Amino acid sequence: MTTYRDIPSVDRLVQAVQQQIGDTSFPHTIIVQAVRAELDAVRAKIKEQNGAPSNGKDGAQALCESSPSLIPQLVAAVQTRLDKLTLPSLQPVVNATGVIIQTNLGRAPLSVAALAAMHMVGGGYSNLEYDLDQGERGSRNSHLNTLLQQLTGAAAALVVNNNAAAVYLALIALAAGREVIVSRGQAVEIGGGFRIPDVLRQSGASLVEVGTTNRTYARDYAAAINERTALLLRVHTSNFRLMGFVHETSLADMVAVGHAQNVPVLDDLGSGTLLSTQVYGLAPEPTVQESIAAGADLVTFSGDKLLGGPQAGIIVGRADLIDQLKRHPLARALRVDKTTIAGLHATLLAYLQGRATAEIPVWRMIAAPLEQLRIRAQALAARFGSAASVVPCQSAIGGGSLPGETLSSVAIALSAGKAIQPLDNLARALRVGSPPIVARIADDCLLFDLRTVLPEQDDILVERISAMLHPS
Ligand SMILES: *Cc1c(COP(=O)(O)O)cnc(C)c1O
């Protein structure tokens, strides 16, 4: 039994740690902190053994009874604490959930070309705000204009930190102190606390709701327009679907009403897409080109939803309005970094050159043929013998696009009956190991949907599951 008398002093343990790990990359104060934390944990453990309630501190599990000296164990435990400091908090995860654009898991994985472009400008200087031809100050807003014009048909473009920022900037620059007309059915919460009514209030604009939750007509907008009206706002209801007795005013009709009275129309697409989703048997997600063609004065969409690029908010539309946004002081606070511009450029170029479905991971996953997923799943499942089976499942697009729409997929399934421990425990063990694997439990099975697992992660997926099934 370990007692308080076995516990070495802080100094003694620090010395032992330093002897053991030699010339450490950690400053003395950090080692002392780790030593103190470990000694606290040991004391708590002793207290618990003595019958007093534990204070819940972790660590000191390795403490073995009747050891002549605790020092070697404590040194190892302190070393583990120090090792943990070197691990990044943000780490790659295997997404076996089947949700392609998973906001909690970082949304869109980037294409090889986007990563290469970010790598190329990230490590050195660049002409971010420098006009190389003239040898004078340039604009960071210049780099993506041409591509965005060509891809969307819009006259001008501006890229900011994310789409929430894009909507906010547009509202504050164009509608502060004035009125914005929104259909009652579109005064929605997008997620993460982003509520259209709140964003409008924050921007200093006042919300004028028209129509009803399920039906809003062009005449409702027309009747609400007055001299204080700054904008008509359409919000794509991206994360839910109304069914039944529903009427949304089309964007073209909103444009007709707005333009008749000189009021611009802002279309927040949320995800938006440059490619048709119908090709893959999905419902149509509105494309940016369609919104521009329908006459929207400004269109906002995310860089890291269906576009499949880095986190960004993209605003395209009328040049005079884009200029107003660029000149607003907030634009500076919402601007993007050089690596974002580089990654977005490479992503957009893939669309322009018709390489998007072959190269952009989000589209590769959407386009992956069921048969190909099945062959992959069968090959992987075979490596587990009878412990795993291949079952049909449904993948979701996620990320505030195509609510309720799914793609047929296949999953590797571990059933509760065959697993050696409860599925919850198994799922947790897979999440906390390295690399973390996030799967889902359905119908008494732990499911690994292969559509969202990057093929280069197949081996590690199998290795980690095997280690769980056959602990050595
Ligand atoms: C996702 C979404 C947003 C926010 O976009 P972020 O890129 O996450 O900031 C805004 N509006 C709609 C309709 C959305 O779907």
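All values derive from a computational prediction rather than experimental measurement. Atoms within a ligand are numbered from 1 in the order they appear, just like the ligands themselves.
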Has the side chain of [X] got a donor or acceptor atom that lies under 3.5 Å from a matching backbone atom of [Y]?
X    : Y    : result
R140 : K338 : no
S203 : Y168 : no
D443 : C445 : no
D267 : V299 : no

Give me the residue, atom name and distance of the protein heavy atom closest to [atom].
atom                    : answer
atom 12 (C) of ligand 1 : G270 CA, 3.2 Å
atom 3 (C) of ligand 1  : N163 ND2, 3.4 Å
atom 7 (O) of ligand 1  : S302 OG, 2.5 Å
atom 11 (N) of ligand 1 : D268 OD2, 2.7 Å

**Request:** For R107 and ligand 1, answer yes if some heavy atom of the residue is under 4.0 Å from a ligand atom, otherwise no.
**Result:**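 It does, in that a heavy atom of R107 comes within the 4.0 Å cut-off of ligand 1.
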**Asked** If you measure from each heavy atom of V167 to ligand 1, is any distance below 4.0 Å?
**Response**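 It does not; every heavy atom stays at 4.0 Å or beyond.
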**Asked** Relative to the heavy atoms of N162, which atoms of ligand 1 are at a distance of less than 4.0 Å?
**Response**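 In order of number, 7 (O), 9 (O).
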**Request:** Pull out every atom of ligand 1 sitting under 4.0 Å from any heavy atom of F194, numbered as shown with elements.
**Result:**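 Counting from 1, the qualifying ligand atoms are 10 (C).
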**Asked** So, W363 versus Y351: side-chain donor-acceptor pair below 3.5 Å or not?
**Response**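 Result is yes, a qualifying pair exists.
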**Prompt:** Below 3.5 angstrom, do we get any N/O pair linking H236 and ligand 1?
**Reply:**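 Such a contact does not occur with ligand 1.
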**Prompt:** Backbone or side chain, does any N or O of A164 fall under 3.5 Å from an N or O of ligand 1?
**Reply:**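 The answer is yes, given that A164 and ligand 1 share an N or O pair closer than 3.5 Å.
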**Asked** Does K305 approach ligand 1 within less than 4.0 angstrom via side chain, backbone, both or neither, non-hydrogen atoms only?
**Response**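 The side chain, only.
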**Request:** Using the side chain to side chain contact (heavy atoms under 4.5 Å, CB included) rule, take T86 and L82 through it: C-alpha gap first, then chi angles, then the decisive distance, then the call.
**Result:** CA-CA 7 Å; T86 64; L82 291 172; over 6 Å; no
**Message:** Holding to salt bridge (charged side-chain N to carboxylate O under 4.0 Å, His left out), I want the full list of residues that pass it with D253, two or more places apart in sequence or in another chain.
**Reply:**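 Listed in chain order: nothing, the list is empty.
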**Message:** So, using side-chain hydrogen bond (donor to acceptor under 3.5 Å, both in side chains) as the criterion, who are the partners of S183 when residues are at least two apart?
**Reply:**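 S183: side-chain hydrogen bond (donor to acceptor under 3.5 Å, both in side chains) contacts with T216.
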